[in-house]
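The next block holds one structure in the form of structure tokens; read it before the comments.
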Amino acid sequence: MAGDPLLPALHTGVERLGLTLPEGAAEALITYLRLLERWNRAYNLSAIRDPGEMLHRHLLDSLSILPYVEGDSLLDVGSGAGLPGIPLALARPGLTVTLLDSNGKKQRFTRQVALELGLHRLRFAQARLADYRPGQPFDTVVSRAFAALSGYVPEALRLCRAGGRVLAMKGRLPEEELAALPRSLRGCTLTALDVPGVAGQRHLLTWTAPAVSATEEANP
Ligand SMILES: C[S@@+](CC[C@H](N)C(=O)[O-])C[C@H]1O[C@@H](n2cnc3c(N)ncnc32)[C@H](O)[C@@H]1O
């Protein structure tokens, strides 16, 4: 939204992340934030209500993983109000983003965002992760603030094309969750994320989907 008082902070944060946004994306990101702020009053979409805090903990946090997104199709598992999927879709217009969430109320909000922002490459799936059977595998599968890794990684690998990436955004390093994974899935790449304006630890865990799915290997 042009002229919004949050725009300068967004530009500074994006620069600190080392990113360049396409034309109009910063304004669209702020429009999304304002919609989230407005709908939050009635829909309880996010526990964070202060717009300045939303900018850092929602928008910049989501954008911080942009360099790790592989290919042209992304599945956001447990997307809630569209995080990180909507900021990623706005920052990379060629990306087709599917928002998967079992909660119809949250999907109503994200559909409205797509309409208002003209996000033609945004797709919606209202289902539980374990029941979701898309026609095509995705290049990247991501989740933020979703379930424990053992409930996410094997299913995410099932939905990812061979050589594609499974990403999990976490706060502090989830050592117990990693230890609870089957041995074959513990070998992920750990990246500490430095998100401007976010004091707590942020981590990105990355798996590369093998040619034979890890689920098949674990249960031949
Ligand atoms: C804590 S919220 C996180 C939302 C968003 N990713 C974020 O970072 O703000 C978790 C979301 O996962 C959804 N969810 C929980 N279990 C799910 C499942 N098994 N399949 C699909 N969505 C699920 C919930 O409806 C909720 O919107």
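Order of appearance sets the numbers: ligands from 1, and atoms from 1 within every ligand. Only this structure's heavy atoms are used, side chains among them; waters, hydrogens and symmetry mates stay out.
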Please list every donor-acceptor pair under 3.5 Å in which a side-chain atom of residues 145-152 meets a protein atom from a residue at least two apart or in another chain.
unit_1 : atom_1 : unit_2 : atom_2 : d
Tyr152 : OH     : Val141 : O      : 3.3
Tyr152 : OH     : Ser143 : N      : 3.2
Tyr152 : OH     : Leu167 : O      : 2.7

Enumerate donor-acceptor pairs with a distance under 3.5 Å from any side-chain N or O in residues 76-95 to protein atoms, sequence neighbours excluded.
unit_1 : atom_1 : unit_2 : atom_2 : d
Asp76  : OD2    : Gly85  : N      : 2.8
Arg92  : NH1    : Val69  : O      : 3.2
Arg92  : NH2    : Leu66  : O      : 3.1

I'd like to know if Glu116 and Arg34 make a salt bridge, using a cut-off of under 4.0 Å between side-chain N and carboxylate O. no
Would you call Glu177 and Lys170 a salt bridge, using N to O less than 4.0 angstrom? yes
At a heavy-atom distance under 4.0 Å, which protein residues reach ligand 1? Sort them by chain and number, would you?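 Only Gly78, Ser79, Gly80, Leu83, Asp101, Ser102, Asn103, Lys106, Ala127, Arg128, Leu129, Arg144, Ala145, Phe146 have heavy atoms that fall under 4.0 Å of ligand 1, ordered by chain and number.
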Among side-chain atoms of Thr191 and His203, is any donor-acceptor pair under 3.5 angstrom?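 There is no such pair between these side chains.
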Set of residues satisfying side-chain contact (heavy atoms from CB on, under 4.5 Å) with respect to Arg108, sequence neighbours excluded: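 Testing Arg108 for side-chain contact (heavy atoms from CB on, under 4.5 Å), a comparison that skips the adjacent residues, returns Tyr43, Lys105.
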